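Inspection log for the structure reproduced underneath, given as structure tokens.
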Amino acid sequence: MPDPNSSGAPTPRVRFAPSPTGFLHVGSARTFIFNWLYARHNHGTMVLRLDDTDVERNTDASVQSIFEGLRWLGLDWDEEYKQSERLDLHRQAAEAIFAKGLAYRDFTPAHAAPTHSEVDDHSSSQGAWLSNPGMRELSREESDRRAAAGEPFALRYRVPRGEGRILQFVDGVYGAQSKPADEVEDFALLRSDGMPTYHLASCVDDADLRISNIIRGQDHLTNTFKHLLIFEGLGAQPPHFAHLPLLVAPDGAKLSKRKHGPVVSVTTYRDAGFLPQAFVNFLCLLGWSPKNDREFLTLDEIRDLFTLEGVNRANAVINFTDEDPFDAKAVWLNAEHIRALPVEELSRDLQPFFEQAGFNASPEKILAVTPLIRERIKLLRDAVAAADFFFLDKLAPYDPAELIPQKGDAALARRVLQTALEVLPATAFDHDSLDKALRDAAASLGLKAGPMFQPIRVAVCGRKNAPPLFETMVVLGREVCLERIRQAEQNLQSFA
RNA sequence: GGCGCUAUCGUCUAGGGGUUAGGACGUGAGAUUCUCAAUCUUAAAACCCGGGUUCGAUUCCCGGUAGCGCUACCA
């Protein structure tokens, strides 16, 4: 294994190991991002591993969705594995642990063991469940005999008892962690159908793939003690662990598809017109800080600044409501990234949104429109509503009263439009010429800019709020502008 | 129930034994422009509670409370 570093220090290997039981979750995406940042910051290797040992819940659609999400984020990885293709390895490992006497067969029928809720119900019961009665003590002979007879069993780790053994590790985020082995239950390694559990498969693969740093959600913090035991059973050096604070909903609950809907899926952000770099920027700021008051950051900057020391320990709330599904800060960051994008690039990103809206939008036209709307949109999809009048052949119907400026009446509005109609045919359609011609016209009418431009703006755009008038007229062209102003003038006639 | 983790403005966070507790989003007010947006200025807004330690705690320690996690033959 060649080391690209000249320093001689081993290069870290990290992994992102999603289980394909649903779409790519924003929490998973963040875990992926943090792993990526750690890997790339340290010139290490990023491994993607599909943890698909739960045959019941895995789906191909989910695998597709996860890849789709990851590809959208624009972050790469170096190696790729599927846990389901490594079953033999897991079983061999289980066999080896069993052979060392570090695991035992538990013939208790599945579901016969007390569940969590049952333990809760029996408020009289003290402490945690540690093992099923009798199973740990079964003699090897009897165990072998029952197994040979075909009786189903789960394989459980024989957690050291009564030795006063303290399990410990130093977490990259949470610091020194320790727990008496006596408080760790005899967790399962193999299910009664012979399939490895998450704990086993995960550790075996981490060991086999020589993962040096495990960066994952804090929900695994206490599981780590079990994992330490498995690595020990494997005779492998445990990797370094770092746990990330969880992303939670505004009500403090863990994000879930069932409870919170599509806002937990990264494709929802993509479809709404988030830029991947903005989304990544936002997610990084949830639980991590560069500690220098900077918030708008490029991927390169984040990668350079990223350290585990900058990771926070408290859960982070991602804000959303039914009316407003996106965190305001995410939206703001997106607007910032939109404005930071070169016009050509932004206009390319906008194309699919215009197409989806059914507009006849050529790349040239979009390129011309982009600078006019780029400061007026927060999400890419906002462009459709912001720029519709550039692409529509016929303006959507609007209230002619809109044409009348603040302090004025229909007669004034008509005079403005008529004047524009007289002046425009002889005016060159560039910014400066329009500016001069229209301002001169306003002066001749004894009007200020506001009352002069407003009727024209509404006539041309079909609404009061729009991009700057002259730029807009240039893009629209003389014919369209004249036509729309004529139309507006007529609307006003019938209105008065 | 047991074990663990966490606790600074509404939210994301910086800070740390003595600070006017800093920044950002959002919100209010104002400035500016042909509207909107952007931009600028500005305002309101926080150290969970109780005990220690200390000359002095928001910061360190302990306890409480709350939230979250684990406590599955889910991951």
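Convention: sequence-line order gives letters A, B, ...; per-chain numbering from 1. In this text, all values refer to a predicted model and were calculated from it rather than measured experimentally.
Taking the side chain as every heavy atom from C-beta outward, H220(A) and Y198(A) approach each other to under 4.5 Å. Contact of the C461(A) side chain with the T472(A) side chain is registered, since non-hydrogen atoms from C-beta on lie closer than 4.5 Å.
Residue S202(A) is classed as having no contact, given no heavy-atom separation below 4.0 Å to the nucleic acid. Residue-level contact check: G217(A) touches neither bases nor backbone, having no heavy atom under 4.0 Å from any strand. Contact annotation for E295(A): base contact, defined as any heavy-atom pair under 4.0 Å involving a base atom. Within 4.0 Å (heavy atoms only), N223(A) reaches at least one base atom of the nucleic acid. Using a 4.0 Å heavy-atom cutoff across all strands shown, S19(A) reaches sugar-phosphate atoms only and no base atom.
Taking 4.0 Å as the cut-off between side-chain N and carboxylate O, E185(A) and R156(A) do not count as a salt-bridged pair. Looking at R313(A) and D171(A), no side-chain N of the basic residue comes within less than 4.0 Å of a carboxylate O on the acidic one, giving no salt bridge.
rG22(B) atom P lies 11 Å from atom CG of D293(A), rounded to whole Å. Between the CD1 atom of I166(A) and the C1' atom of rG4(B) there is a distance of 14 Å, rounded to whole Å. Straight-line distance from the CG atom of L305(A) to the P atom of rA14(B): 14 Å, rounded to whole Å. Straight-line distance from the NE2 atom of H199(A) to the C1' atom of rC74(B): 9 Å, rounded to whole Å. Atom CG in D324(A) sits about 16 Å away from atom P in rU11(B), given to the nearest Å. We find that NZ of K226(A) is positioned 11 Å from C1' of rC74(B), with the value rounded to whole Å. Look at CG on N292(A): it is 13 Å from C1' on rG22(B), rounded to the nearest Å.
Put simply, N312(A) has a side-chain N or O that comes within less than 4.0 Å of OP1 or OP2 on rU13(B). Look at R294(A) and you won't find any side-chain N or O under 4.0 angstrom from OP1 or OP2 of rG23(B). For rA14(B), the OP1/OP2 oxygens have a side-chain nitrogen or oxygen of K291(A) closer than 4.0 Å. Phosphate proximity of rA7(B) to R313(A): absent, as no side-chain N or O sits under 4.0 Å from OP1 or OP2.
For T197(A), whose side chain is taken as the heavy atoms from C-beta onward, the closest listed nucleotide among rG22(B), rC12(B), rC73(B) is rC73(B). Closest approach to the A328(A) side chain among rG69(B), rC25(B), rC74(B) is made by rC25(B) (side chain taken as heavy atoms from C-beta onward). Comparing atom distances between the D219(A) side chain and each of rG69(B), rC34(B), rC73(B) picks out rG69(B) as nearest. Relative to the side chain of E183(A), the nucleotides rU11(B), rC3(B), rC70(B) differ in distance, and rC3(B) lies closest.
Checking rA45(B) for Watson-Crick or G-U wobble geometry (two distances, each under 3.5 Å) identifies no partner in any strand. Partner assigned to rA21(B) is none, using Watson-Crick or G-U wobble distances below 3.5 angstrom. The partner of rC9(B), taking Watson-Crick or G-U wobble pairs whose two distances both stay under 3.5 Å, does not exist in any strand shown. In this structure rC3(B) sits in a base pair with rG69(B), meeting the Watson-Crick or G-U test at under 3.5 Å. Checking rA31(B) for Watson-Crick or G-U wobble geometry (two distances, each under 3.5 Å) identifies rU39(B) as its partner. Under the Watson-Crick and G-U wobble criteria, each requiring two contacts below 3.5 Å, nucleotide rG50(B) is paired to rC62(B). For rG16(B), there is no paired nucleotide, since no Watson-Crick or G-U wobble pair has both relevant distances below 3.5 Å.
Scored by the side chain to side chain contact (heavy atoms under 4.5 Å, CB included) test, R146(A) finds F107(A), M135(A), L138(A), E142(A), E151(A) as partners (sequence neighbours excluded). With sequence neighbours excluded, no residue forms a ring-ring contact (aromatic ring centres under 6.0 Å, His included) with F429(A). With sequence neighbours excluded, the residues that form a side chain to side chain donor-acceptor pair (under 3.5 Å) with E336(A) are R339(A).
Put simply, the side chain of T222(A) and the base of rC70(B) share no donor and acceptor less than 3.5 Å apart.
Taking atom C1' in both rC70(B) and rG15(B), the straight-line distance is 32 Å, to the nearest Å. For the C1' atom pair drawn from rU33(B) and rC25(B), the interatomic distance equals 25 Å after rounding to whole Å. The gap from the P atom of rG23(B) to that of rG63(B) amounts to 36 Å, rounded to the nearest Å. On the P atoms, rU39(B) is 26 Å away from rA46(B), given to the nearest whole Å. The same atom, C1', is picked in rA24(B) and in rC9(B); the two are 12 Å apart, to the nearest Å. Rounded to whole Å, the C1' atom of rA45(B) lies 10 Å from the corresponding atom of rU27(B). When the C1' atom is used for both rU65(B) and rC48(B), the distance is 8 Å, rounded to whole Å. Rounded to whole Å, the P atom of rU20(B) lies 38 Å from the corresponding atom of rA37(B).
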Within the sub-3.5 Å range, which N or O atoms of nucleotides 35-42 of chain B have a protein N or O partner, and how far apart are they?
residue: rU35(B); atom: O2'; partner: N465(A); partner atom: OD1; Å: 2.8
residue: rU35(B); atom: O2; partner: K464(A); partner atom: O; Å: 3.1
residue: rU35(B); atom: O2; partner: A466(A); partner atom: N; Å: 2.9
residue: rU35(B); atom: O2; partner: A466(A); partner atom: O; Å: 3.2
residue: rU35(B); atom: N3; partner: R457(A); partner atom: NH1; Å: 3.4
residue: rU35(B); atom: N3; partner: A466(A); partner atom: O; Å: 2.5
residue: rU35(B); atom: O4; partner: P468(A); partner atom: N; Å: 3.1
residue: rC36(B); atom: O4'; partner: N465(A); partner atom: OD1; Å: 3.3
residue: rC36(B); atom: O2; partner: R376(A); partner atom: NH1; Å: 2.9
residue: rC36(B); atom: N3; partner: R376(A); partner atom: NH1; Å: 2.4
residue: rA37(B); atom: O2'; partner: E375(A); partner atom: O; Å: 2.1

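For the segment residues 240-256 of chain A, the set of residues with a heavy atom within less than 4.0 Å of an atom of RNA chain B comprises L246(A), G252(A), K254(A), in numerical order. Within residues 171-180 of chain A, the residues having any heavy atom under 4.0 Å from RNA chain B are, by residue number, Y174(A), Q177(A), K179(A).
Aromatic ring pairs are classed by plane angle as parallel below 30°, tilted from 30° to 60° and perpendicular above 60°; the pair F187(A) and Y157(A) is parallel. Classified by interplanar angle (parallel below 30°, tilted 30° to 60°, perpendicular above 60°), the ring pair F296(A)/H337(A) is tilted.
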- prompt: Can you list the steps and then say if Y104(A) with E137(A) is a side chain to side chain contact (heavy atoms under 4.5 Å, CB included)?
  reply: CA-CA 9 Å; Y104(A) 63 90; E137(A) 300 77 17; over 6 Å; no
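For F470(A) and F453(A), the distance between ring centers is under 6.0 angstrom. Taking the six-membered ring where the residue is Trp, the centroids of F274(A) and F282(A) are separated by 6.0 Å or more. With ring centers used as reference points, F169(A) lies 6.0 Å or more from H240(A).
Proximity of a side-chain donor or acceptor of T427(A) to a complementary backbone N or O of V423(A) within less than 3.5 Å is detected.
Partner of V416(A) under the side chain to side chain contact (heavy atoms under 4.5 Å, CB included) criterion, chosen from L403(A), L438(A), L447(A): L447(A).
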